[in-house]
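I have placed the structure first, in the form of structure tokens, so that the comments after it can refer back to it.
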Protein chains: 2
Amino acid sequence: MRLLQLHYFIEVAETENVSQTAKKLHISQPALSRSIRELEQELGVEFFSRNKHSLELNPQGKSFQHNIQKALEMIDSAVIDARRLNELKGAVP
Amino acid sequence: MRLLQLHYFIEVAETENVSQTAKKLHISQPALSRSIRELEQELGVEFFSRNKHSLELNPQGKSFQHNIQKALEMIDSAVIDARRLNELKGAVP
DNA sequence: GGAGCTTACGTCTCTCGTAACGATT
DNA sequence: AATCGTTACGAGAGACGTAAGCTCC
């Protein structure tokens, strides 16, 4: 499970469209399709209902989307907080 | 920023000892040392005070440790929840 | 001198993009 | 016929382990 895969998943979950998301993320369509599929295989969970032509987020996918989105936001905040503390370093007289 | 790097950071932050943590994680000492350093370089923040022989977690490091630990737990929970929903799939008559 | 962190280097795995295919509308 | 998702393959980048160097107790 890679961090980038999780970001990719969030974007695809919002649009339910790989081609469109690939353009937005500036990566190729196959690379994005593979990332999502490998994530599902590794976790042993299918997040999308596939009919060989389109994707639809299922209940597991919706749950995962919600939880992972919060986790990613938390990581972003952790970085921002650390950088802020780093800026203040030595600012106390 | 890799997910594995964050896990490594959490472990090293707890012990403040790379060698010991490397044995526990079953990776080499240099690989672990590099992972931590690369994480710091990428984020532009130093998490440890170094005196060329030992490490000590600084305020930025403590903040990051706390926040990232919660984020990683949230990711774990997200996976568990998704798997649970997957098991229940089709269980409703 | 022993314990600990870092740098150098070769190898190997993995990810990506291009190309080709199958399916659906 | 056109659009969308998936698979195949070659190339490039990245991560790890071994070996070597340097510092502190």
Side-chain angles (χ1 to χ4, degrees), chain A residues 1-62 64-65 68 72 75 79 82 86, chain B residues 1-62 64-65 68 72 75 79 82 86:
Chain A
M1 181 167 53
R2 289 174 298 140
L3 210 46
L4 205 51
Q5 275 179 321
L6 298 178
H7 282 286
Y8 288 168
F9 167 78
I10 293 296
E11 295 293 331
V12 174
E14 282 183 358
T15 62
E16 295 183 329
N17 184 317
V18 175
S19 315
Q20 182 182 333
T21 307
K23 289 179 185 172
K24 178 180 176 184
L25 297 177
H26 302 98
I27 63 173
S28 71
Q29 190 178 97
L32 183 56
S33 180
R34 257 176 299 154
S35 281
I36 301 296
R37 182 166 282 278
E38 287 170 358
L39 178 63
E40 291 177 304
Q41 287 180 352
E42 181 179 347
L43 301 183
V45 179
E46 296 233 328
F47 296 129
F48 296 93
S49 304
R50 292 172 164 81
N51 64 357
K52 290 292 182 185
H53 182 60
S54 66
L55 299 181
E56 189 179 358
L57 205 60
N58 62 23
Q60 299 95 287
K62 289 180 182 175
F64 199 66
Q65 175 190 23
I68 290 298
L72 293 182
I75 292 177
V79 173
N86 201 52
Chain B
M1 182 167 52
R2 289 173 299 143
L3 209 46
L4 205 50
Q5 274 179 320
L6 298 178
H7 279 106
Y8 289 170
F9 167 78
I10 293 296
E11 295 292 331
V12 174
E14 283 184 0
T15 62
E16 295 182 328
N17 183 318
V18 174
S19 315
Q20 181 183 334
T21 307
K23 289 179 185 174
K24 177 181 177 183
L25 298 176
H26 301 99
I27 63 172
S28 72
Q29 189 179 100
L32 183 55
S33 181
R34 257 177 299 153
S35 280
I36 301 296
R37 182 166 284 277
E38 287 170 359
L39 178 64
E40 291 176 304
Q41 287 179 352
E42 181 179 345
L43 301 182
V45 180
E46 297 233 327
F47 296 130
F48 296 93
S49 304
R50 291 172 165 80
N51 65 356
K52 291 290 181 185
H53 181 61
S54 65
L55 298 182
E56 189 177 0
L57 206 60
N58 62 23
Q60 299 95 286
K62 289 180 182 175
F64 199 66
Q65 177 191 22
I68 290 297
L72 293 182
I75 292 177
V79 173
N86 201 51

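First the proteins, then the strands, lettered A, B, ... as listed; each starts at 1.
- A/Ser49 and A/Glu56 share no side-chain donor-acceptor pair at under 3.5 Å.
- Look at A/Arg50 and A/Glu40 and you find a salt bridge, because one of the NZ, NE, NH1 or NH2 atoms lies within 4.0 Å of a carboxylate O, short of that distance.
- At least one side-chain nitrogen or oxygen of B/Arg37 sits closer than 4.0 Å to the OP1 or OP2 atom of C/dT7.
- What separates CD1 of B/Ile27 from P of C/dT6 is a distance of 13 Å, to the nearest Å.
- Per the geometry, CG belonging to B/Leu55 stands 11 Å off P belonging to C/dG4, to the nearest Å.
- Atom CD in A/Gln29 sits roughly 14 Å away from atom C1' in C/dC16 (whole-Å rounding).
- Among the nucleotides D/dG5, C/dC5, D/dA19, the one closest to any side-chain atom of B/Pro30 is D/dA19.
- Heavy atoms of B/Tyr8 sit under 4.0 angstrom from primed sugar atoms or phosphate atoms, though from no base atom.
- Relative ring orientation between B/Phe47 and B/Phe64 is described as parallel, the plane-to-plane angle staying below 30° on a 0-90° scale split at 30° and 60°.
- Within the 4.0 angstrom heavy-atom criterion, only backbone atoms of the sugar-phosphate kind lie near A/Ser19; the bases stay farther away.
- A donor atom on one side chain and an acceptor atom on the other are found under 3.5 Å apart for A/Ser19 and A/Gln29.
- In terms of position along DNA chain C, the nucleotide closest to A/Ser35 lies nearer the 5' end than the nucleotide closest to the other residue of the pair A/Ser35 and A/His53.
- What separates CD of B/Gln20 from C1' of C/dG2 is a distance of 17 Å, to the nearest Å.
- Among the heavy atoms of the strands lying under 4.0 Å from A/Arg34 is at least one base atom, whether or not backbone atoms are also near.
- For the OP1/OP2 pair of D/dT6 and a distance below 4.0 Å, the side-chain nitrogens and oxygens of A/Ser33 include at least one atom meeting the criterion.
- Rounded to a whole Å, the CG atom of B/Leu32 is 12 Å from the C1' atom of C/dG4.
- Regarding B/Ile36, its CD1 atom lies at a distance of 11 Å from the P atom of D/dC16, rounded to whole Å.
- Residues A/Leu32 and A/Ala22 share a closest heavy-atom pair of CD2-N, 3.5 Å.
- Going from atom NZ of B/Lys23 over to atom P of C/dG4 covers 7 Å, rounded to whole Å.
- In this structure, A/Ser28 and A/Asn51 both approach DNA chain C, and ranking their closest nucleotides by distance from the 5' end singles out A/Ser28.
- Distance, A/Arg2 CZ to D/dA13 C1': 13 Å, rounded to whole Å.
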